Amino acid sequence: MTLLVTLWTLVCPLFLMLAAGTAGASPLDPKGQDWEGLSQLVGIAQAELGVGRVAALTRLDLSNLHKEDALFIVHPTMALDVDELSTFMRAGGRVVILDDYGTGDELLARFGIRRVPLPSRPAEMLRDNPALAIAEPASNHATVRDVGRVVLNHATGLDHKALSAVLVVRGQGEPDVLLSVAGAVGQGRLLAVGDSSVLMNSMLRYPGNRALAAALVRYAAEDDTWGRRDGKLFILANDFETTGAFGADSRLGGVLGEVSRTLEEALESLRRDGMPQLAAYLLALAVGLGVIGWTSTRAGHPHRAVAPRFIKPAAVAAQGGIAGRAAVLAAPGTPRMLAMLEMKSALEEDIATRLGLERPPPGDELAKRARAAGLLDAGQAEALARLLKTLADMENAFSMHQRRKIDRVRDADVQAVAARVRDLLEAVGRAHP
């Protein structure tokens, strides 16, 4: 009996310590050793890159980031600094985001990615449970070249027609849905996965999930076309905090970035939790007083006669059709890149119409169809594909407001592209009057 009491005295504190350690870990905690922690993901990253190049943080100063670094964001619950993350990627940084029901929507929306439901009846699933759907590589993308089937956990799909497909969930009697997409952002890259728990400790017992974890780490840190990527990989999860500004050269830039993030977090908290009752009352009172004040000041002013709009001549730029568009394009302040995009749209629509298509497909596909239909020969189809690829890059730069690339286009560039477009349209017209 004495021996049993002694053993219990020694073992009981150990059990209590282990229980306390397990209870203290939050879901998807990079330091969590339990089934829903991310400690094994951190271990895989350290094995791939070395311990000194991997850091799991709860607070990151963006001013300390370099373009050689990479961010691994898992299930963010605070407002992300989308502007700074975009600047970081355009400079060469890489961001891998795994998020299904967190606050990553704004970052995804910045690049045209939207969340969609997965198939209600996946072709493959674990234990006949649609919430445990199985994804497979959607292409020969380098990230999933050595990855087999990946088991998901209450994931969401992602939709973007132009980005590279990485993982897909096949539907049984319904359309397939992408789980992961990737694309270039300036000199950097973005890879998004619609499942924040696919790499937690309990899911890494599946070979495909473990292979995916190693592949994503390598993707985040591999060398780029502009040089070596020998920076750090920062793993951020849940309610992590970011401060400062990427590439900030002054304290003022960091302060302004901090103020902007504070306002964004306040607005996110207001959207999520609502306004306190007293604040709502005071705001309503202020709005009511403002309406009364505005009405009293306007009521005594005589109405100023305004000439009817139908007797005013409409400016050419305000007119519809060809005249209005031509006036806008010819205006001195209009970027010349906009004329390039007009020619791209005209070229695609003309060829698509001759092919009997409702909308133009991607440039390389359009060139293949034009070649197959006999509208263009092999050399002309190749020239069409190159031209549409160049114009698509310009369209991407214009949509992302990359001022340096937009201002680089000159009248001579527009005239050269116009000549190439005219030659291609004449060739198509000869083949299909």
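No experiment lies behind these values; they were computed from the predicted model shown.
Between Glu241 and Leu60 there is no side-chain heavy-atom pair separated by less than 4.5 Å. Between Pro117 and Val177, every side-chain heavy-atom pair lies at or beyond the 4.5 Å cut-off. Considering only heavy atoms from C-beta on, Leu387 comes within 4.5 Å of Leu347 through its side chain. Taking 4.5 Å as the limit, every side-chain heavy atom of Val193 sits out of range of all side-chain heavy atoms of Val166. No side-chain heavy atom of Leu163 sits under 4.5 Å from any side-chain heavy atom of Leu178. Side-chain contact between Lys344 and Met394 is absent, with no heavy-atom pair separated by less than 4.5 Å. Residues Leu65 and Leu71 form a side-chain contact, since some pair of their non-hydrogen atoms from C-beta on lies under 4.5 Å apart.
Between the side chain of Arg53 and the main chain of Gly231, a donor-acceptor pair closer than 3.5 Å is present. Under the 3.5 Å distance criterion, the side-chain polar atoms of Arg229 are matched with a main-chain donor or acceptor of Gly92. Between the Asp224 side chain and the Trp226 main chain, no donor and acceptor come within less than 3.5 Å of each other. Looking at Asn201, its side chain does come within 3.5 Å of a backbone N or O of Asp34 through a donor-acceptor pair. Counting only distance, with no hydrogens or angles, the side chain of Asp69 and the backbone of His66 share a donor-acceptor pair below 3.5 Å. Side chain of Thr295 to main chain of Val291: a donor-acceptor pair is present (N/O by atom type, distance under 3.5 Å, no hydrogens or angles). Panel note: side chain Ser180, backbone Ala192; a donor-acceptor pair is recorded below 3.5 Å. For Ser39 (side chain) and Gly32 (main-chain N/O), a donor-acceptor pair under 3.5 Å exists by modelled atom type.
Of all heavy-atom pairs spanning Ala214 and Glu48, the tightest one is CB-OE2, 3.7 Å. Annotation for Asn238 and Ser26: closest pair ND2-OG, 4.1 Å, computed over non-hydrogen atoms. Closest of all the heavy-atom pairs between Phe240 and Pro76 is CE2-CB, 3.9 Å. Of all non-hydrogen atoms in Asp61 and Gly244, the two that sit nearest each other are OD1-CA, 3.7 Å. Residue Gly208 comes nearest to Val147 through the heavy atom pair O-CG1, 3.7 Å, listed as atom of the first residue, atom of the second, then distance. The two residues Ala165 and Ala138 come nearest to each other via the heavy atoms CB-CB, 3.8 Å.
Glu222 pairs by the salt bridge (Lys or Arg N to Asp or Glu O under 4.0 Å) definition with Arg94, Arg189, not counting sequence neighbours. When the salt bridge (Lys or Arg N to Asp or Glu O under 4.0 Å) test is applied to Lys389, the partners found at least two apart in sequence or on another chain are Asp393. In this view, Arg170 and Glu136, Asp176 satisfy the salt bridge (Lys or Arg N to Asp or Glu O under 4.0 Å) rule, not counting sequence neighbours. For Glu174, there are no salt bridge (Lys or Arg N to Asp or Glu O under 4.0 Å) partners two or more places apart in sequence or in a different chain. Checked against side chain to side chain contact (heavy atoms under 4.5 Å, CB included), Pro207 has no partners two or more places apart in sequence or in another chain.
Under the side-chain contact (heavy atoms from CB on, under 4.5 Å) test applied with Val150, the options Ile134, Leu212, Leu199, Asp195 reduce to a single match, Leu212. For the salt bridge (Lys or Arg N to Asp or Glu O under 4.0 Å) with Asp407, the qualifying choice from Arg410, Arg403, Lys405 is Arg403, the only one to do so.
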Item to complete: Please lay out, stage by stage, how Ile351 and Arg369 fare under the test side-chain contact (heavy atoms from CB on, under 4.5 Å).
Response: CA-CA 9 Å; Ile351 297 178; Arg369 294 194 180 189; over 6 Å; no

Practice prompt. Check the pair Ile73 / Asp99 against side-chain contact (heavy atoms from CB on, under 4.5 Å), numbers first and verdict last.
Written response: CA-CA 8 Å; Ile73 301 175; Asp99 186 32; over 6 Å; no

Discussion item. Set out, in order, the CA-CA distance, both residues' side-chain angles and the distance that settles side-chain contact (heavy atoms from CB on, under 4.5 Å) for Leu118 and Leu152, then state yes or no.
Written reply: CA-CA 11 Å; Leu118 288 179; Leu152 309 181; 4.1 Å; yes

Practice prompt. Using the side-chain contact (heavy atoms from CB on, under 4.5 Å) rule, take Ile113 and Leu190 through it: C-alpha gap first, then chi angles, then the decisive distance, then the call.
Written response: CA-CA 11 Å; Ile113 305 171; Leu190 170 68; 4.2 Å; yes

Item to complete: Would you please test Ser196 and Asp100 for side-chain hydrogen bond (donor to acceptor under 3.5 Å, both in side chains) and show each step?
Response: CA-CA 6 Å; Ser196 59; Asp100 40 21; 3.0 Å; yes

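For the atom pair CG of Leu80 and CG of Asp83, the computed distance is 11.5 Å after rounding to the nearest 0.5 Å. Interatomic distance, CG of Leu384 versus NZ of Lys368, reported as 12.5 Å (0.5 Å rounding). Once rounded to the nearest 0.5 Å, the distance linking CZ of Phe72 with CG of Leu41 reads 5.0 Å. Annotation: the span from Asp223 atom CG to Arg228 atom CZ amounts to 5.5 Å, rounded to 0.5 Å. For the atom pair CE (Met340) and CG (Leu391), the distance works out to 7.0 Å, reported to the nearest 0.5 Å. Note: Leu388 CG to Glu365 CD = 12.0 Å, rounded to the nearest 0.5 Å.
Sequence neighbours left out, the pairs with a member in residues 73-110 that pass ring-ring contact (aromatic ring centres under 6.0 Å, His included) are Phe88-Phe246.
Using modelled atom types and a 3.5 Å distance limit, the side chains of Asn153 and Ser197 yield a donor-acceptor pair. Judged by distance alone, the side chains of Thr77 and Asp239 never bring a donor and an acceptor atom under 3.5 Å apart. Judged by distance alone, the side chains of His141 and Ser139 never bring a donor and an acceptor atom under 3.5 Å apart.
Checked for salt-bridge contact, Arg110 and Glu106 miss the test: no charged N lies under 4.0 Å from a carboxylate O.
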